[in-house]
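For this chain, numbers begin at 1 and follow the sequence in order. Atoms within each ligand, like the ligands themselves, are counted from 1 in listed order.
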Amino acid sequence: MNKQKQTIIGDALPNIPWEEKPKNCVDPVWRYSNNPIIPRDLIPSSNSIFNSAVVPYEGKFAGVFRCDSKTRRMQLHNGKSNDAISWTIENDPISFICDDPEIGNFVEGYDPRVVWIEDRYYITWCNVYHGYTIGMAYTNDFKKFYQMENAFVPFNRNGVLFPRKIKGKYIMLSRPSDSGHTSFGDIFISQSPDMIHWGCHRHVMGPTSGWQHTKIGAGPVPIETREGWLLIYHGVLTSCNGYVYSMGSALLDIDEPWKVLFRTEPYILSPHELYECVGDVPNVTFPCATLADAPTGRIAIYYGGADTVTALAFTQVDELIDFTKKNSKV
Ligand code: BMA
């Protein structure tokens, strides 16, 4: 295939998981037929394994997994896989190396994202430091993890880095929030020259109606495409039975990513299957990672089901972009 014609600007990853769209599927995103891929009890210490991040690593795959323990502590665990479907996750949580004991005193962490930028893998997560904020770390080898400064003061969640600098700055999406099960939330962008000092904050988008009426938050690391940054995000509806977490997609301007070009009015995936509707927190689909193969445009989406298990879904970039444009309300 002519590289110039590829929609995704990125690497070939021919070994990512993939299933063709079922013939009777009318949606732009379809589920893996053998979901969930990670059961809640994959490791002896876990109550649940969900909202987790995976990346290509040395021809195979690595990941950082949210494992809530049987004491119900939210922690981050290291995992490896040959096929990105069957995972080996370490029973003990990651022990971060940190020069500063004030920051290195790990209390709890959840909802990780992982991204390769320049020369290393960066991990962002919702960290507990006198309240919820965005924790940061890096690793070169998925053996030693070095914790960095928190990006912001509390309260903040859903910190997601872009995979490259834009106009000389590192870029992070986040969702300022409060101390509880926040009932509001817009996505903002912050910029940094050094991954420590974050500023030049810009509003990206806020909640609208229906499935994204209550709050929204960035999901996986944005995918660079010829049509803009493809962002998959979560949106929350407040029903009489509590929050419902669905997924949508947006295209952000490539040079000024706080400008939203298109954004889906309908959801692209919402809790329908049993493992999405039933679990520790019912009715949650929460995406934290994608794997994408640029030449074919195949995208595998990793998401948590009902705050209990990890599931996989698929889309094709041209189909998702087409859907996003045709069903857009910015
Ligand atoms: C959010 C986060 C997510 C979780 C979701 C539904 O506030 O805590 O980790 O999946 O609520 O409980």
**Prompt:** Can you tell which part of R66 has a heavy atom less than 4.0 Å from ligand 1: side chain, backbone, both or neither?
**Reply:** side chain
**Asked** With backbone taken as N, CA, C and O and side chain as the heavy atoms from C-beta onward, which portion of Y243 lies under 4.0 Å from ligand 1: side chain, backbone, both, or neither?
**Response** neither
**Request:** Report the C-alpha distance between F188 and H201 in whole Å, list the side-chain angles of each, state the deciding distance to 0.1 Å, and finish with yes or no for ring pair (Phe, Tyr, Trp, His ring centres under 6.0 Å).
**Result:** CA-CA 7 Å; F188 286 80; H201 313 291; 8.2 Å; no
**Asked** Would you call the rings of W125 and F96 parallel, tilted or perpendicular if under 30° counts as parallel and over 60° as perpendicular?
**Response** parallel
**Request:** Would you please classify the geometry between the F314 ring and the W30 ring as parallel, tilted or perpendicular, with 30° and 60° separating the classes?
**Result:** tilted
**Request:** Considering only NZ, NE, NH1 and NH2 on the basic side and carboxylate oxygens on the acidic side, decide whether D280 and R40 come within less than 4.0 Å.
**Result:** yes
For [atom], what is the closest protein heavy atom, and at what distance to 0.1 Å?
| atom | answer |
| --- | --- |
| atom 8 (O) of ligand 1 | Y110 CE1, 3.6 Å |
| atom 11 (O) of ligand 1 | Y245 OH, 3.0 Å |
| atom 10 (O) of ligand 1 | D307 OD1, 2.6 Å |

**D111: numbered ligand 1 atoms lying under 4.0 Å from its heavy atoms** = 2 (C), 3 (C), 9 (O)
**Asked** Does Y110 share a hydrophobic cluster with F106, counting links as ILVMFWY side-chain heavy atoms below 4.5 Å and allowing steps through other members?
**Response** no
